[in-house]
Amino acid sequence: MAIEPFTPSANASLLTWVGDAVSLCEPDDVHWCDGSTEEYEHLCGLLVDAGTFEPLARPNSYLARSHPGDVARVEDRTFICSRSPRDAGPTNNWRDPAEMRTSLEERFAGVMRGRTMYVVPFSMGPLGSPASRLGVQVTDSPYAVVSMRWMTRMGTPALEALDAGADFVPCLHSIGAPGDTSPWPCDEDKCIVHFPETREIWSYGSGYGGNALLGKKCLALRIASVMARDEGWLAEHMLILKLTSPEGTVKYLAAAFPSACGKTNLAMLAPTLPGWRVETIGDDIAWMRFDDEGRLRAINPEAGLFGVAPGTGTATNPNALAALAGNAIFTNCARTDDGDVWWEGMTIEPPAHAIDWRGEHWTPGSGRPAAHPNARFTVASAQAPTMAAEWEDPAGVPIDAIVFGGRRSTVVPLVQEAHDWEHGVFLGSIMGSETTAAAAGERGRLRRDPFAMLPFCGYDMGDYFAHWLRIGRREGAHLPRIFSVNWFRKSESGWLWPGFGDNVRVLEWIHRRCDGAALAVDTPIGLLPTSLNVDGLSVDLDALLRVDRDGWLGEIELIRDFYASLGDTLPTELQRQLDTLRKGLRCR
Ligand code: GTP
Ligand code: SPV
Ligand code: MN
């Protein structure tokens with residue numbers, strides 16, 4: 001009797017692609033992931049044995065310490081390999097696709113010798129939603145596998161959808177360093193590569209975050225932004241929240257903030273105003289498309305939170321802490337003497353002693369942080385007490401307002417509304433933010449980060465702006481209103497705005513504007529509140545809401561340089577908006 005060979009999938013192109021990956025990478029073994037609890041526990045056990053994971057004194061939770069050279073996204077090693085450099089545009093690193101493919105094949109040749117190759121089928125978005133997309137990650141990192149299990153809908157249901165012949169984005173990942181059996185193998189020479197035309201991802205040399213969990217920034221933003229351009233939708237670096245007023249009126253907001261600028265915190269906000277309620281749909285990525293009634297509906301393509309740990313505390317984000325009570329992976333946090341995790345800002349009082357993220361003894365006086373500034377927690381979204389009942393609705397939620405925000409210690413006011421869609425696209429395009437630890441490199445430097453998409457747009461930035469303008473011209477569309485916010489204005493003595501739970505005061509104004517209720521004054525930069533509910537706060541509202549004319553005139557020079565750097569694909573509408581702003585400020 002002939003024994004049928006094990007056929008893990010009925011999808012011929014998947015089998016061919018995995019077969020090619022096996023021939024190229026030469027793993028000792030291949031494991032097709034089913035996403036089960038048993039599989040998860042088995043892999044966590046392997047990670048403990050390898051020294052990558054330490055079990056923690058909270059249920060089913062682990063601490064990982066990465067290699068000190070592998071702690072954040074590597075933007076200068078991230079590539080968009082379109083056929084023409086023009087399609088990648090001046091804000092992306094472009095490489096010739098054929099040359100890159102040759103160099104990748106050299107790097108991946110034999111790279112998994114001595115290791116197991118995991119085949120990880122996953123869905124971005126609820127399985128079966130027409131808005132969702134499938135991916136398959138092949139990886140030699142069990143840490144990436146267990147993380148993908150929380151961050152995406154991973155395992156058998158996704159594989160069954162593939163069996164039915166669905167398309168998928170192939171995501172080939174290796175941590176590199178073949179033969180390295182240290183707790184966190186990686187290669188100094190990393191590269192995170194996207195082929196937008198063939199919709200492929202190849203990632204080499206890193207096991208950390210967006211470099212290695214390829215469903216997230218690589219698929220759901222860089223590749224999806226190209227799909228969205230071609231198919232008439234939007235793939236954005238945005239949280240999605242549900243805001244209910246004391247009267248019970250619901251508005252859905254989507255908000256773009258650069259990395260480590262407050263998306264997760266806003267999405268899980270604990271309001272300080274009585275009667276207001278914030279619930280979470282998503283905390284990092286939004287996919288939005290028009291429904292038959294012309295409303296822009298958003299889904300959260302992710303299933304988990306990969307949140308910044310430092311600054312997450314009972315006073316700032318109690319809901320995140322509640323989500324982390326168990327079944328969580330912590331990376332580059334410190335370990336306390338009682339076997340739990342700690343990071344800066346988790347508690348007001350630091351522990352007297354800890355083992356820091358590098359594995360060294362730490363005391364509060366040691367002069368270095370206990371947790372890495374880009375330390376992260378990974379947990380299923382479903383564990384957050386703030387998830388809205390409809391967060392997995394395959395149809396998505398109808399967006400009433402789009403919000404842009406950055407980390408700006410000067411110039412940009414606490415909140416304003418755009419005059420109209422085109423002005424709103426202008427506000428998105430001129431976003432600036434002070435750089436954070438989420439990406440390797442200098443911190444605190446002001447850079448333009450249009451739509452918070454600078455590191456994540458898979459095509460030319462001018463074309464991306466044009467796509468947004470085109471969305472606004474759609475016939476019969478009920479467009480969301482557009483706002484910009486800034487929680488990060490500073491004076492000599494610190495933050496001008498308390499932030500966190502008090503951000504609901506700004507959300508209240510946005511909510512009321514959507515109903516045409518709250519009042520605004522027209523200025524050259526946009527519509528500013530005539531008043532905000534700051535009862536019980538001592539804040540300098542004038543400083544927060546003033547039009548800083550000189551500051552803006554300086555800003556205009558920076559925007560002009562940025563626009564010039566984008567080349568001739570910058571839409572003329574945006575250049576005109578900039579001229580209008582300049583004239584408006586000059587003649588006041
Ligand atoms: P990514 O996950 O990297 O995309 O970051 P994010 O945009 O989700 O940012 P997150 O909410 O994790 O916040 C990043 C840092 O900013 C944390 O240290 C927060 O404590 C801090 N932060 C968030 N919201 C506020 C705020 O309203 N005011 C101030 N001052 N800090 C904030
Ligand atoms: C970000 O940098 O925006 C993150 C972290 O959310 S990572 O997944 O590493 O991209
Ligand atoms: Mn986040």
Side-chain angles (χ1 to χ4, degrees), residues 66 70-75 78 144 147-148 151-152 192 203 206-222 236-239 241 255-270 272 280 282-285 300 302 304-317 319-321 331-332 343-346 369 371-379 381 384 403 405-409 414-415 433-441 443 449 452-456 485-490 494-507:
S66 79
D70 193 22
V71 293
R73 283 183 296 100
V74 283
E75 294 182 2
T78 299
S147 301
M148 287 290 284
M151 295 307 298
T152 71
I192 321 298
S203 166
S206 168
Y208 204 88
N211 299 334
L213 316 180
L214 302 186
K216 194 172 177 60
K217 306 294 180 164
C218 296
L219 195 165
L221 288 176
R222 297 195 192 94
E236 300 299 328
H237 191 200
M238 291 179 175
L239 67 96
L241 67 81
F257 295 56
S259 301
C261 290
K263 287 183 300 300
T264 301
N265 277 270
L266 189 62
M268 304 177 82
L269 178 146
T272 56
T280 313
D283 84 313
D284 196 46
I285 299 176
N300 168 15
E302 299 191 281
L305 310 171
F306 184 61
V308 176
T312 304
T314 28
T316 56
N317 193 348
N319 293 318
L321 286 190
T331 308
N332 288 345
W343 50 74
E344 279 66 23
M346 184 187 194
H372 186 277
N374 192 39
R376 298 261 170 178
F377 53 78
T378 309
V379 76
S381 300
V403 182
R407 188 180 279 273
R408 292 298 306 268
S409 45
L414 179 64
V415 60
S433 198
E434 287 138 28
T435 50
T436 67
R443 288 174 215 161
D449 191 349
M453 284 290 277
L454 182 75
F456 307 119
V485 300
N486 176 24
W487 316 142
F488 298 95
R489 280 289 277 273
K490 273 185 183 163
W495 306 114
L496 276 175
W497 179 250
F500 302 105
D502 284 313
N503 292 333
V504 74
R505 298 163 188 273
V506 172
L507 298 187

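Atoms within each ligand, like the ligands themselves, are counted from 1 in listed order.
Listed by number with element, the atoms of ligand 1 under 4.0 Å from a non-hydrogen atom of Gly311 are 18 (O), 20 (O). Which parts of ligand 2 touch His237 is read off a 4.0 Å heavy-atom cut-off, strictly below it: atoms 3 (O). Below 4.0 Å from some heavy atom of Asn503 lie the following atoms of ligand 1, by number and element: 27 (O). Which parts of ligand 1 touch Lys263 is read off a 4.0 Å heavy-atom cut-off, strictly below it: atoms 1 (P), 4 (O), 5 (O), 6 (P), 7 (O), 8 (O), 9 (O), 11 (O). Proximity to Lys216 (heavy-atom distance under 4.0 Å) selects the following atoms of ligand 2: 6 (O), 8 (O). Interface of Pro258 with ligand 1, defined as ligand atoms under 4.0 Å from a residue heavy atom, comprises 7 (O). The ligand atoms of ligand 2 that sit less than 4.0 angstrom from a heavy atom of Ala438 are 2 (O). Listed by number with element, the atoms of ligand 1 under 4.0 Å from a non-hydrogen atom of Thr264 are 6 (P), 8 (O), 11 (O).
Taking 2.8 Å as the threshold, Thr264 counts as a candidate ligand of the Mn ion (ligand 3), since one of its N, O or S atoms lies below it.
Considering backbone and side-chain N/O of Cys261, one or more are found under 3.5 Å from N/O of ligand 1. Checked by distance only, ligand 2 and Lys217 come closer than 3.5 Å through their nitrogen or oxygen atoms. Residue Gly210 places at least one N or O, backbone or side chain, under 3.5 Å from an N or O of ligand 2. By the 3.5 Å distance cut-off applied to N or O atoms, Ser259 is counted among the residues near ligand 2. Looking at ligand 2, you won't find any N or O of Asn211 less than 3.5 Å from one of its N or O atoms.
Of the protein's heavy atoms, Gly262 N, 2.8 Å lies nearest to atom 9 (O) of ligand 1. Atom 2 (O) of ligand 2 has as its closest protein heavy atom Arg73 NE, 2.9 Å. Scanning the protein for heavy atoms near atom 1 (P) of ligand 1, the closest one is Ala260 N, 3.3 Å. Taking atom 29 (C) of ligand 1 as the reference point, the nearest protein heavy-atom neighbour is Phe488 CE2, 3.5 Å. Counting only heavy atoms of the protein, atom 30 (N) of ligand 1 lies nearest to Trp495 CE2, 3.4 Å. Of all protein heavy atoms, the one closest to atom 10 (P) of ligand 1 is Asn265 ND2, 3.4 Å.
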Show the numbers, then the answer: is there a side-chain contact (heavy atoms from CB on, under 4.5 Å) between Met268 and Leu305?
CA-CA 11 Å; Met268 304 177 82; Leu305 310 171; 4.2 Å; yes
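In summary, the side chains of Glu434 and Ser409 do present a donor paired with an acceptor at a separation below 3.5 Å, with no hydrogens or angles considered. Residues Arg73 and Ser259 have side chains that bring a donor and an acceptor to within less than 3.5 angstrom of each other. Between Asn317 and Thr312, the side chains place no donor N or O within less than 3.5 Å of an acceptor N or O (distance only, hydrogens not considered). When only modelled atom types and interatomic distance are considered, Asn503 and Arg505 share no side-chain donor-acceptor pair under 3.5 Å. At a cut-off of 3.5 Å, with distance as the only test, a side-chain donor of Asp70 or Ser206 sits close to an acceptor on the other residue. At a cut-off of 3.5 Å, with distance as the only test, no side-chain donor of Asn332 or Trp343 sits close to an acceptor on the other residue.
Nearest to atom 15 (C) of ligand 1 by heavy atom, out of Arg489, Met238, Arg407, Lys490, is Arg407. Distances from atom 18 (O) of ligand 1 to the heavy atoms of Pro310, Ala452, Gly499, Pro373 put Pro310 nearest. Of the candidates Arg376, Arg73, Glu344, Arg376 brings a heavy atom nearest to atom 3 (O) of ligand 1. One option in Phe306, Trp487, Phe377, Phe500 has a heavy atom closer to atom 31 (N) of ligand 1 than any other, and that option is Phe500.
Between the CZ atom of Phe500 and the CG atom of Asn265 there is a distance of 5.0 Å, given to the nearest 0.5 Å. In this structure, the separation between CG on Leu221 and CD on Glu236 is 8.0 Å, given to the nearest 0.5 Å. Note that the CG atom of Asp502 and the CH2 atom of Trp497 stand 6.0 Å from one another [nearest 0.5 Å]. Between the CZ atom in Arg408 and the CH2 atom in Trp487 there is a gap of 15.5 Å [rounded to 0.5 Å]. The distance from the OG1 atom of Thr280 to the CG atom of Asn319 is 7.0 Å, given to the nearest 0.5 Å.
Contact annotation for Tyr208 and ligand 2: no heavy atom of the residue comes within less than 4.0 Å of the ligand.
Both tests hold for Arg407 against Phe488: distance to the six-membered ring centre under 6.0 Å, angle to the ring axis within 45°.
Checked for salt-bridge contact, Asp284 and Lys263 meet the test: a charged N lies under 4.0 Å from a carboxylate O.
Asn486 and Gly406 get closest at one heavy-atom pair: OD1-O, 3.2 Å.
Within the structure, the closest approach of Asp284 to ligand 1 falls below 4.0 Å when heavy atoms are considered.
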